[in-house]
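Values below: every heavy atom of this structure, side chains too, minus hydrogens, waters and symmetry copies.
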Amino acid sequence: MKLLLDRYLPWMMWAAGVVLLVYIADLDLYPDEQLLLGSLSILLLLGLRWHLRRTPENVSALRLGRLVLMVLGGFLAVRYLLWRVEYSLPWQGDEASMVAAVVLVMAEAMAVALYFFGAFVNIHPLRREAKTVDVSRRDLPMVDVFVPTYDEPVELLRTTLLAVTNLHYPRNRLNVYLLDDGGTEAKCAAEGRAGKQARERQRQLKRLCRDIGCRYMTREDNSHAKAGNINAALVRTQGDLVAVFDADHVPTADFLEHAVAPLLDDDEVALVQTPHFMLNRDPVEKNLKADRLMPGEGEMFYTLNLRGMDNWNAGFFCGSGAVLRRSALEAIGGIGTKTIVEDAETSIELSSRGYKSAYLHRPMLAGLNAESADAFVTQRTRWGTGMVQLLSLKNPLTYPGLSWPQRLAYFNCIFFWLFSIARVVFLLAPVVVLLTGVTLFAATPQEILLYLLPHLFAVIILSNVLYGRVRWIFVSEIYETVQSLFFFFPLLGALFRPGNKSFKVTPKGESLHRDFLSTHAARFYLVILMQLVATGFGIYAMMYVPDGFDMAFIALLWNGYNMLFVLAALGVLYERRQLR
């Protein structure tokens with residue numbers, strides 16, 4: 001009985017707290033009472049933010065303050081959603097208005113869910129103490145270093161191979177393999193120009209490996225892309241540990257000294273992941289000529305999210321910059337091949353088998369961002385559709401063997417990529433209102449602002465507290481706007497046909513010899529045209545439609561806000577000249 005209480009009492013208390021929060025959030029208040037509640041809540045959030053900035057070294061105070069912030073922000077979010085469903089839907093309106101309003105509420109609920117999952121994952125980011133392995137020891141495990149490649153330039157591979165062959169580790173305990181998927185037997189046997197190029201590539205890479213002092217390896221065909229490439233190498237090598245580096249990722253010389261330590265300390269640790277530090281600006285930063293002080297897009301993921309997941313023992317293999325225990329990989333059948341996000345799939349499989357993981361928040365790996373808008377879209381579309389595949393094929397909420405914190409942490413990583421669906425709804429909602437006159441809110445503008453503004457202010461304040469140093473909220477809006485119009489249909493396709501997705505390699509080593517507009521810009525021009533036409537309709541409604549001023553005015557403000565980010569997206573898609 002005591003064991004059951006110890007196990008389930010905390011969850012029962014949390015459940016009771018959630019029920020109480022929802023009950024209080026559903027209380028019906030007069031407008032002046034709602035104004036007072038919203039104002040006091042925002043003042044309390046601002047006070048907590050000020051207090052947390054004054055006590056950055058007090059870990060206990062930070063954790064308690066962050067928890068209170070999350071609960072209060074969650075309360076305002078739940079209150080807003082309950083008000084939307086109970087009091088602001090046009091239940092008595094026409095069918096078109098009802099359908100449009102329900103779609104918008106579902107998008108808002110999705111945004112709130114993203115807020116809750118992100119808050120849960122990042123409630124206590126773990127910072128591990130860095131340890132170092134004594135490389136003079138004679139009992140160190142054998143390490144096989146894999147560098148998978150497909151079509152990367154030879155000079156780029158030379159840089160990476162020079163780095164990994166000079167890692168601080170005993171020479172007799174380290175084997176470096178270049179895994180060439182661009183020179184497979186099937187490719188070399190092809191007729192015509194393609195076969196000739198594959199044979200020439202194989203010849204060049206074999207010579208490169210001889211010159212540097214590593215081993216060249218290829219396979220029969222390209223089945224299962226990168227995952228299949230690594231798995232083919234696993235059965236032909238014998239190292240105790242496997243380190244994986246992408247072709248454009250260069251580790252520091254002391255990488256293995258730090259990354260191997262957690263695996264030696266605990267035999268149950270199967271994965272050690274490290275952050276990726278990018279040397280070049282991504283297309284958003286480069287094409288918008290962003291300030292160097294602006295944190296990169298990956299900062300939040302590598303500085304906070306992975307540390308937050310580490311707190312819940314929900315390790316995330318990022319495909320590069322990681323060391324894995326061979327016996328654990330063999331136990332799960334190798335790197336995952338059912339989806340095109342083999343790294344995330346492998347992470348869930350390892351955790352479901354009871355293996356531990358560790359995240360070392362120490363910059364020991366320099367790499368290259370996608371260098372053009374086209375490459376950026378290719379890369380992110382693969383990540384997004386692959387995650388939706390994973391949701392369909394190995395849903396962490398139902399996958400056996402995971403703890404509930406692990407389920408929520410992994411689900412958050414997957415669910416995040418559905419932001420594009422909500423983002424497209426938010427982009428088009430004011431356009432639909434202005435062009436068709438549908439009703440999305442069966443409430444006065446004053447009522448809308450009384451419930452919406454406290455929720456929005458709470459999200460901004462909490463985002464600033466949790467992510468302020470690693471993610472600027474309006475910069476995040478640009479990234480999401482750029483990606484949303486590319487993801488929308490591929491994500492829906494992945495939801496309904498999860499097995500029908502192919503692995504597309506991100507282009508590497510690109511040089512852009514002139515400024516030009518990306519071919520992907522057409523859809524954004526279409527959106528901006530729709531927004532401009534809707535603006536004209538809105539101005540007309542404000543001037544000539546009886547009782548149309550209030551709703552048209554709010555829709556125009558919303559539409560104008562969206563237009564700023566669509567214009568920013570067009571700026572991203574105007575490629576700036578970039579030479580090597």
Q: Kindly indicate, with the supporting measurements, whether the criterion side chain to side chain contact (heavy atoms under 4.5 Å, CB included) is fulfilled by Met309 and Tyr410.
A: CA-CA 8 Å; Met309 295 181 71; Tyr410 286 127; 3.8 Å; yes

With no hydrogens and no angle check, is any side-chain donor or acceptor of [X] less than 3.5 Å from a backbone partner on [Y]?
X: Glu191; Y: Ala189; result: no
X: Asp144; Y: Ala243; result: no
X: Asn231; Y: Ala227; result: yes
X: Thr184; Y: Asp221; result: no
X: Thr481; Y: Phe565; result: no
X: Ser357; Y: Gly315; result: yes
X: Thr385; Y: Pro490; result: no
X: Arg219; Y: Ser223; result: yes
X: Asp180; Y: Gly182; result: yes
X: Arg173; Y: Gly239; result: no

Shortest non-hydrogen contact between [X] and [Y], atoms and distance:
X: Pro141; Y: Leu264; value: CD-CD2, 3.6 Å
X: Val250; Y: Ala163; value: CG1-CB, 3.3 Å
X: Leu570; Y: Ala521; value: CD2-O, 3.9 Å
X: Gly118; Y: Asn412; value: N-OD1, 3.4 Å
X: Gly386; Y: Thr339; value: O-CB, 4.3 Å
X: Leu360; Y: Ala259; value: CD1-CA, 3.8 Å

Side chains of [X] and [Y]: closer than 4.5 Å at any heavy-atom pair?
X: Leu324; Y: Leu350; value: yes
X: Arg127; Y: Arg307; value: yes
X: Pro148; Y: Lys226; value: yes
X: Arg215; Y: Leu179; value: no
X: Val121; Y: Leu408; value: no
X: Pro275; Y: Leu365; value: no
X: Leu162; Y: Thr160; value: no
X: Val269; Y: Val272; value: yes

Q) What do you reckon, is CZ of Arg193 surrounded by more than 12 foreign heavy atoms closer than 6.0 Å? A)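 Atom CZ in Arg193 is not crowded, with 12 or fewer foreign heavy atoms closer than 6.0 Å.
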
Q.
For the CZ atom on Arg137, are there more than 12 heavy atoms of other groups (residues, nucleotides or ligands in this structure) within a distance under 6.0 Å?
A.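 Enclosed: over 12 neighbouring heavy atoms sit under 6.0 Å from CZ of Arg137.
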
Q: I would like to know whether Arg158 and Asp211 meet salt bridge (Lys or Arg N to Asp or Glu O under 4.0 Å); could you show each step before the answer?
A: CA-CA 10 Å; Arg158 180 186 298 276; Asp211 293 344; 5.1 Å; no

Does [X] have its ring centroid less than 6.0 Å away from the ring centroid of [Y]?
X: Phe301; Y: Phe316; value: yes
X: Phe524; Y: Phe486; value: yes
X: Phe146; Y: Phe245; value: no

Q) Pick from Leu306, Leu126, Asn122: which one makes a side chain to side chain contact (heavy atoms under 4.5 Å, CB included) with Asn311? A)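 Only one option passes, and that is Leu126.
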
(Q) Between Gln202 and Tyr216, does the side chain to side chain contact (heavy atoms under 4.5 Å, CB included) criterion hold? Intermediate values first, please. (A) CA-CA 9 Å; Gln202 188 181 92; Tyr216 175 89; 3.1 Å; yes

(Q) Can a side-chain donor-acceptor contact be found between Glu330 and Ser327 if the only test is distance below 3.5 angstrom? (A)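 Checked: Ser327/Glu330 side chains show no N/O donor-acceptor pair below 3.5 Å.
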
Q. Just by distance, with hydrogens left out, do Thr398 and Arg407 show a side-chain donor and acceptor under 3.5 Å apart?
A.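 No - no donor-acceptor pair under 3.5 Å links their side chains.
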
Using 4.0 Å as the upper bound for N to carboxylate O, is an ion pair formed by [Y] and [X]?
X: Arg201; Y: Asp151; value: no
X: Glu345; Y: Lys338; value: no
X: Asp267; Y: Lys356; value: no
X: Arg325; Y: Asp240; value: no
X: Arg353; Y: Glu349; value: yes

Rounded distance [0.5 Å steps], [atom1] in [X] versus [atom2] in [Y]:
X: Phe488; Y: Thr381; atom1: CZ; atom2: OG1; result: 14.0 Å
X: Leu256; Y: Thr132; atom1: CG; atom2: OG1; result: 12.0 Å
X: Cys209; Y: Met217; atom1: SG; atom2: CE; result: 10.0 Å
X: Trp383; Y: Ile340; atom1: CH2; atom2: CD1; result: 12.0 Å
X: Glu257; Y: Leu167; atom1: CD; atom2: CG; result: 9.0 Å
X: Phe117; Y: Ile414; atom1: CZ; atom2: CD1; result: 11.0 Å

(Q) Using side-chain hydrogen bond (donor to acceptor under 3.5 Å, both in side chains), reason through Gln406 and Ser403 one step at a time and then give a plain yes or no. (A) CA-CA 5 Å; Gln406 288 175 325; Ser403 66; 3.3 Å; yes

(Q) Would Gln379 and Asn369 count as a side chain to side chain contact (heavy atoms under 4.5 Å, CB included) here? Give the steps. (A) CA-CA 10 Å; Gln379 182 187 65; Asn369 271 311; 5.8 Å; no

Q. Taking Trp312 as the fixed residue, which of Phe120, Trp404, Phe411 is the one that meets the ring-ring contact (aromatic ring centres under 6.0 Å, His included) rule?
A.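 Of the listed residues Phe120, Trp404, Phe411, the ring-ring contact (aromatic ring centres under 6.0 Å, His included) partner of Trp312 is Phe120.
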
Q: Assess whether side chain to side chain contact (heavy atoms under 4.5 Å, CB included) is satisfied between Asn175 and Val143, documenting all intermediate values.
A: CA-CA 6 Å; Asn175 297 307; Val143 177; over 6 Å; no

Q) Would Glu480 and Ser484 count as a side-chain hydrogen bond (donor to acceptor under 3.5 Å, both in side chains) if you check the C-alpha gap in whole Å, the side-chain angles of each, and the deciding distance to 0.1 Å? A) CA-CA 6 Å; Glu480 291 190 7; Ser484 61; over 6 Å; no

